[in-house]
Number of protein chains: 2
Amino acid sequence: MESLEYYIKEYFGVLKQDELKVVCDKFKAQILPKGAFLMRQGQPAHQLSFIKSGMVRLYTQDDGKEITQWISTPGYFVTEISSFMFGGSSRWNMQALTDVDLFSIDRTDYQKILKEVPQWHEFEKLFIIKCFTILENRVYNHLSKSAEERYQDFFKQNPSLFNQVPLQYIASMLGMSPETFSRIRNKQLS
Amino acid sequence: MESLEYYIKEYFGVLKQDELKVVCDKFKAQILPKGAFLMRQGQPAHQLSFIKSGMVRLYTQDDGKEITQWISTPGYFVTEISSFMFGGSSRWNMQALTDVDLFSIDRTDYQKILKEVPQWHEFEKLFIIKCFTILENRVYNHLSKSAEERYQDFFKQNPSLFNQVPLQYIASMLGMSPETFSRIRNKQLS
DNA sequence: ATAATTTCTTGATTTTTGTCAAGAGAAAGC
DNA sequence: GCTTTCTCTTGACAAAAATCAAGAAATTAT
C-alpha cells in the first residue's frame, strides 16, 4: 500500500495523513493473470485501478482492426474516465499484458471519498488538467511529427517499455503499422 | 451576458441563480480586432475567455512551420489551461481570425469564484473530464483514420467552419497539408 | 477600381507509410 | 524437448500524403 500512498500524494497533492489513509483504504488489492480483462468495450467502467506491477493495454476493436490507445505501466492510474465518472459504456478494452498487481476502487467507494475528504474534487481537477495537458501534446505530435519522430520521442521517454511488451502494440499506439515500426527500429539500432 | 450565463449553465452544470450571477459578473466584455493576439506562445496565459462571436485560432510556431492546434468558435471557452491554472508559459499563440467579441476573466478574478461558489472545483472537474474525453477521441482519430476520413468526420460536425476560416488552418488542425486537404475537398464536392 | 497580398488549386514528383506475403525468431503450451 | 502459436522482420509493391512550383481565385489594402 505504500506505493499507492506515495503516488496519490504525488498526483493528487498533499493530503493530511488521515485523509490519505481514508483514500487508500478504499482501494482493494487485486491480482489479475496475463490476458484477463479489467474492462470491456461497450460495458460500463466500474472501477479505477492503480497499477502496482505489470502492464495493461487499452485498445478498441472496430470492424476487425485493433487500435491500441495506451499501455499503462506501474505507478499510474487507469480507467475509462468518462464511463467511470458519468456512467455510460467504455470506449475500449483494458487487458492485462502481464500478470498484474493492482489497487482498485469501485465507483460506489470512490464517491464516498468526497464525504471524508472535502478537497477531493479539487485534487481530481488538478490531476485531470495534467492528464489533459499531456493529451494535448500527444495530439500535437500527430499534427506535427512523422512516424519516425514519434518513435524517437516515445523511445526517449519510455525506453524500458520496448523490451517488455509486444512492439506491435507500441506501433499502434504511436499511429503506425508494425512494419513501419520495425523498419524505424532497425534504422535506430544501426 | 445572457449567452455566457446560458453556456456556463450548459457546461458547468446547474448553479443557483445567485451563484451564476457571481460567476458571470467576473467576466468582462472584451472586443478584439482581427489579427490581434489573446495570448502569445512562451508567455503566461493570464485569462480565460468565452467567445461570444468571431473565431480564434490556437497555433504554435516552431522552427518556421506553423501548426494550428484548434479553432475556437462562438459558445466555447478558450485558454491554455495548463498555463492558466498552474502558471508557466503558454504552448501556443491565440489569435483572432475575425473581429472577436469575448467575455474574459483573469486569473485573479477566476480564483475568487471559489470563495463564493464552493462547488466550483466540482464543476471545473466535470467540465475538464468532458474536454479530456473529446481529446481522447481526437487522438483515436489519428491512430485509426486516414486524412480523408478525418476530413469527412470533421466536416460532418463543423460544416459551417469551412466557409468561415482559411482552409489551410483546418488542414493543419486535422494533421494534413493544405494540398492534401484541397484534393480531398475537391473529391467531396464532385 | 486597381494593385498587392493571401489563399487555394492543380500537376508533377518524391517521400512516407501501408499492405501483402513469406520466412525467421521468440514465446508459450504440451 | 518439441510443437504450436504469436511476434517480428524483410522484400516487393501499392497507396497515401508531402513537397515543390506555378498559376488561378479570392481577399485586402490603397
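Chain letters run A, B, ... following the sequence lines, proteins first, then strands; residues in each count from 1.
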Item to check | Atom pair distance, as rounded to whole Å: CD1 in B:Ile170 and P in C:dC8 | outcome: 9 Å
Next on the checklist: Pairing donors with acceptors under 3.5 angstrom, does anything connect the side chains of B:Gln47 and B:Ser49?
Outcome noted: yes
Next on the checklist: Can you work out whether B:Asn186 or A:Lys34 has the more 5'-proximal nearest nucleotide on DNA chain C?
Outcome noted: B:Asn186
Item to check | Carboxylate-amine/guanidinium proximity below 4.0 Å for B:Lys112 and B:Asp109 | outcome: yes
Item to check | Short side-chain N/O contact to D:dA17 OP1/OP2 from B:Thr180, under 4.0 Å | outcome: no
Checklist entry - B:Ser177 side chain: which of C:dT9, D:dA18, C:dG18 is closest? => result D:dA18
Checklist entry - Between atom NZ in A:Lys187 and atom C1' in D:dC8, what is the gap in whole Å? => result 18 Å
Checklist entry - Going hydrophobic residue to hydrophobic residue with side-chain gaps under 4.5 angstrom, can you get from A:Ile113 over to A:Phe127? => result yes
Checklist entry - Heavy atoms under 4.0 Å, any strand shown: does A:Glu179 hit a base, just sugar-phosphate, or nothing? => result base
Next on the checklist: Rounded to whole Å, how long is the line connecting atom CD of B:Gln164 with atom C1' of C:dC8?
Outcome noted: 18 Å
Next on the checklist: Nearest whole Å is fine: how far is C:dT9 P from B:Gln168 CD?
Outcome noted: 11 Å
Item to check | Atom-to-atom span, CZ of B:Arg150 to P of D:dA16 - whole angstrom | outcome: 13 Å
Checklist entry - Under a 4.5 Å side-chain heavy-atom rule over Ile, Leu, Val, Met, Phe, Trp and Tyr, are A:Tyr169 and A:Tyr151 clustered together? => result yes
Checklist entry - Side chain of A:Pro166: nearest nucleotide among C:dG18, D:dT7, D:dT9? => result D:dT7
Checklist outcome for this item: Picking from D:dT9, D:dT10, C:dT7, the nucleotide nearest the side-chain atoms of A:Arg183 would be D:dT10
Checklist entry - Once you round it to whole Å, what is the distance between P of C:dT16 and CD1 of A:Ile184? => result 10 Å
Checklist entry - Which whole-number value in Å describes the distance from A:Glu149 CD to C:dT15 C1'? => result 14 Å
Checklist entry - Mind checking whether A:Phe50 and A:Tyr7 have ring centres under 6.0 Å apart? => result yes
Next on the checklist: Using whole Å, what does the distance between atom C1' of nucleotide D:dT19 and atom NZ of B:Lys65 come to?
Outcome noted: 13 Å
Checklist entry - C:dT17, C:dT7, D:dT9: which one has an atom nearest the side-chain heavy atoms of B:Tyr169? => result C:dT7
